[in-house]
Amino acid sequence: MRLDFLQVGDNFGFDEYNAFVHILLSKKYRITENISLNPEGYTGKFADYYLEYNPANVAFRGDDIQVLNDEATLKITCISDLTCRFALTFQNETFYSNEGVIIVDLFEVATDEIINNSFTVEIFYDTPYIEDKITGDAIATTSDLREAIDTIEEGETLTLASTVVHDITESIMIKSSVTIQGATEGSIISSDGTHRNPLFVVDNNAELRINDVEFHDFTNNNNPVGAVIYNRGILNIVNSKFYNCNASYDGACIYNEYGDVFSDTVTYEECSARNGAGIFNKGD
């Protein structure tokens with residue numbers, strides 16, 4: 001399986017892929033693997049390795065390599081779907097990649113010596129895959145937004161596309177500090193009015209900051225309060241708008257349960273609820 005098929009939240013049946021996803025999610029970008037090379041190249045777990053050599057200087061003897069003279073080198077091209085650097089250790093010496101190419105110098109190996117074809121490769125990822133996939137581009141669906149929130153570190157900012165499709169039925173849980181930033185011209189998240197739960201649920205001791213975002217046509221059909229945001233923590237919303245959002249009981253747009261809500265330049269248009277067409281506050 002090539003790395004471009006990896007998606008956040010996927011499950012894999014092989015330990016190396018599970019470990020790899022765990023390393024990415026935990027933001028430790030180094031993986032070590034052992035490979036053997038042959039003249040046809042090797043398709044590895046985390047990269048493809050292509051070997052070039054001069055048969056006048058190097059010979060392959062079954063699973064071993066024979067050095068024929070003091071001009072022996074191996075050229076290994078490392079191709080990965082991720083942005084990464086390679087450090088290859090062979091015969092207790094480490095060689096580093098330059099634009100994906102590693103030159104293994106065998107000058108110090110005695111002529112005609114046969115050595116084991118075993119390389120240890122450490123892969124250092126300069127740019128995390130998840131950050132490229134999720135936070136590097138503007139987010140255009142609420143499912144991608146939920147995946148991003150589940151994987152980023154506390155305090156990071158996620159940027160939305162100008163139009164965001166609401167394509168999930170369960171709430172996005174905010175459990176740490178997250179900022180959601182609209183596009184330069186602002187962003188609109190639209191619902192078709194059939195979703196059953198609030199878009200966001202902010203936990204105790206968590207903080208959600210929203211800037212330059214509009215929410216259109218949200219109706220809470222499951223829990224009759226808080227069609228867009230159910231807040232128990234800290235909610236800070238600036239320069240945003242709620243349009244045609246409805247709840248059958250309390251807090252058509254925001255239901256605040258013993259949390260803190262700070263807002264600046266926020267409008268509520270054609271929203272309705274029994275109590276609190278914009279915000280309903282429960283508690284002090």
Side-chain angles (χ1 to χ4, degrees), residues 1-8 10 12-137 148 151-153 156:
M1 182 179 293
R2 294 295 303 279
L3 294 181
D4 55 343
F5 293 114
L6 287 175
Q7 300 293 326
V8 177
D10 281 354
F12 298 91
F14 301 97
D15 289 342
E16 62 265 26
Y17 289 116
N18 287 324
F20 182 52
V21 172
H22 173 73
I23 286 172
L24 285 177
L25 292 177
S26 63
K27 297 208 166 189
K28 297 176 182 177
Y29 311 119
R30 186 174 68 182
I31 289 178
T32 301
E33 61 178 327
N34 295 314
I35 64 171
S36 296
L37 295 173
N38 57 58
E40 289 76 37
Y42 171 76
T43 300
K45 291 179 292 188
F46 305 120
D48 289 345
Y49 304 91
Y50 296 96
L51 174 67
E52 296 177 50
Y53 71 102
N54 186 338
N57 303 327
V58 178
F60 283 79
R61 308 296 187 193
D63 294 331
D64 299 317
I65 297 173
Q66 184 176 16
V67 176
L68 302 181
N69 55 51
D70 60 5
E71 297 182 358
T73 60
L74 301 174
K75 177 182 177 181
I76 301 167
T77 303
C78 311
I79 299 177
S80 173
D81 294 313
L82 304 185
T83 303
C84 54
R85 294 175 292 119
F86 300 87
L88 184 146
T89 301
F90 183 71
Q91 294 292 100
N92 298 318
E93 188 170 356
T94 300
F95 305 89
Y96 295 92
S97 64
N98 181 10
E99 296 184 351
V101 174
I102 299 174
I103 302 298
V104 178
D105 183 349
L106 300 175
F107 294 169
E108 295 184 4
V109 178
T111 298
D112 293 329
E113 183 175 347
I114 294 178
I115 51 183
N116 184 261
N117 180 359
S118 178
F119 300 80
T120 299
V121 179
E122 278 193 310
I123 307 173
F124 300 86
Y125 291 98
D126 299 326
T127 304
Y129 174 77
I130 289 174
E131 189 167 299
D132 277 351
K133 180 68 177 178
I134 299 297
T135 66
D137 299 320
T151 56
I152 63 171
E153 290 187 346
E156 291 194 38

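In this structure, Phe86 and Tyr49 have side chains that are in contact, with non-hydrogen atoms separated by less than 4.5 Å. Residues Val67 and Ile115 meet the side-chain proximity criterion, which asks for heavy atoms closer than 4.5 Å. Between Ile102 and Cys78, the closest side-chain pair of non-hydrogen atoms falls below 4.5 Å. Side-chain contact between Asp112 and Gln66 is present, with at least one heavy-atom pair separated by less than 4.5 Å.
With values rounded to the nearest 0.5 angstrom, Thr94 atom OG1 is found 8.0 Å from Glu122 atom CD. Rounding to the nearest 0.5 Å places CD of Glu113 at 11.5 Å from CD1 of Ile65. Taking CD of Glu71 as the reference point, atom CG of Leu106 lies at 12.0 Å (rounded to 0.5 Å). Between Ile76 atom CD1 and Tyr50 atom OH the span is 13.5 Å, to the nearest 0.5 Å. The CG atom of Asn117 lies 8.5 Å from the CG atom of Leu74; values are rounded to the nearest 0.5 Å.
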Could you give the side-chain donor-acceptor pairs of residues 52-60 under 3.5 Å, partners two or more places apart or in another chain?
residue, atom, partner, partner atom, Å
Asn54, OD1, Ala56, N, 2.9
Asn57, OD1, Asn69, ND2, 2.9

(request) Output, in order, the C-alpha distance, side-chain angles, deciding distance and verdict of side-chain contact (heavy atoms from CB on, under 4.5 Å) for Asp105 and Phe95. (result) CA-CA 8 Å; Asp105 183 349; Phe95 305 89; 3.9 Å; yes
